[in-house]
Amino acid sequence: MARRSFIAIVGHGPDLERDEGAASVLRSLGADVRTLDLWDDPPRLFLDDESKARAIVVEALDRPDLAAAALRALRREPRLEEVGALVAVSVAQIARIEPSSGFDDFLLVPYVPAELYARVRLVEWRRSEFATEERVKVGAIVIDRAAHDVSVGGMHVPLTAKEFALLSYVCERRGKVVSRTELLRRVWGSQYEGGARTVDIHVRRLRAKLGAALPLVTLRGAGYRLESPVPGSGGPEGADAGRALQRGGAGADSHGEERGEPRDEDEDEDEESDEDEGGDGEESDEDEEGDDEGEASARGERRSGTSESTSTTTGRERRITR
């Protein structure tokens, strides 16, 4: 049996069913709506085990101070923990909305019906995750296998063939630990003779290109695990990631240091392996071959510069001795 989905409207009891309220507007548009008083228990929204909330609209109106407390109470219900939430306020109260309150978006009252439904669908999309034969969505990342395309927050992100395959695989295995050996076998193939550090190099490149949208954690001695994105942290999910890509911030910082994120212990080793085994990841993809050649050339220049410096210093020492 298919799960019945509904939109939860939470607010002051006597005002919930008013003609211009969110419940009435959404019902007129054909949506299944359930209402809950601010002080009622959230489980009352679920009439049976097959019910599922699509989104939450908290009608704070002229009391935005109550919205954050109401959302915290709703989040204590396990079935509402990951549901997108919007806060509705009057125009006069918009400046009192706290960015840290946990809402994904806000609405202004009186409602514009088309905007109300569009924002509900938008927050539902941001929070959704799915996987089909052609498309995979994890947080703000959308992978289109058929078009061989990756986007973050609606913005295209160019990836090489191996980066695309690696990202697809870790997204399919989200929440599970994948070892370097497993990634080498599934992404590079059983005939690949390179070392496991090739995986680390490509992971570092993915982190540089996707930034905060890719919550890929390094587990020392085990491999990697893609965790659930954290919606609502610093704004609607995907928006921050999209702006970071637009500014070029994600590509400039492969470890998230500018974002203030913790540095994985294994990433220091990843950088060393990038220099030691830069030519290890031999690939058919021209972009990746160019990267490896560039790294080898840079190392050669560094070695040449060091040799010349040493030779000059030795010559000076001989002249002083004489």
List the atom of [X], the atom of [Y], and the distance in Å for their closest heavy-atom pair.
X	Y	result
I143	S168	CG2-OG, 3.7 Å
L45	A8	CD1-CB, 3.8 Å
R27	V33	NH2-O, 3.7 Å
L16	V10	CD2-C, 3.9 Å

> Just checking, is any N or O donor in the side chain of S90 or R63 under 3.5 Å from an acceptor N or O on the other one?
Replying inline: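 R63 and S90 do not have a side-chain donor-acceptor pair below 3.5 Å.
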> Does any donor atom in the side chain of D37 or H12 lie under 3.5 Å from an acceptor atom in the other side chain?
Replying inline: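 There is no such pair between these side chains.
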>> Do the side chains of K176 and E182 get close enough for a salt bridge, i.e. N-O under 4.0 angstrom?
In response: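 Looking at E182 together with K176, the answer is no, because their closest N to O distance does not fall below 4.0 Å.
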> Hey, are R54 and E124 close enough for a salt bridge, meaning a charged N less than 4.0 Å from a carboxylate O?
Replying inline: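 Answer for the salt bridge query: yes.
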> Are more than 12 heavy atoms from other residues, nucleotides or ligands located less than 6.0 Å from atom CZ of R186?
Replying inline: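 Incorrect, the count does not exceed 12.
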For residues 107-123, which side-chain donor-acceptor pairs fall under 3.5 Å, sequence neighbours excluded?
{"from": "Y111", "atom 1": "OH", "to": "E59", "atom 2": "OE2", "distance (Å)": "2.5"}
{"from": "E115", "atom 1": "OE2", "to": "R119", "atom 2": "NE", "distance (Å)": "2.9"}
{"from": "E115", "atom 1": "OE2", "to": "R119", "atom 2": "NH2", "distance (Å)": "3.2"}
{"from": "R119", "atom 1": "NH1", "to": "D105", "atom 2": "OD1", "distance (Å)": "3.1"}
{"from": "R119", "atom 1": "NH1", "to": "D105", "atom 2": "OD2", "distance (Å)": "2.9"}

> ring pair (Phe, Tyr, Trp, His ring centres under 6.0 Å) with F106: which residues, sequence neighbours excluded?
Replying inline: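 Ring pair (Phe, Tyr, Trp, His ring centres under 6.0 Å) list for F106, sorted by chain: empty.
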> Which pairs, with at least one residue in residues 45-82 and sequence neighbours excluded, count as a ring-ring contact (aromatic ring centres under 6.0 Å, His included)?
Replying inline: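 Residue pairs passing ring-ring contact (aromatic ring centres under 6.0 Å, His included), neighbours aside: F6-F46.
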> Do H202 and W188 have their ring centres less than 6.0 Å from each other?
Replying inline: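 Yes - the distance between ring centres of H202 and W188 falls below the 6.0 Å cut-off.
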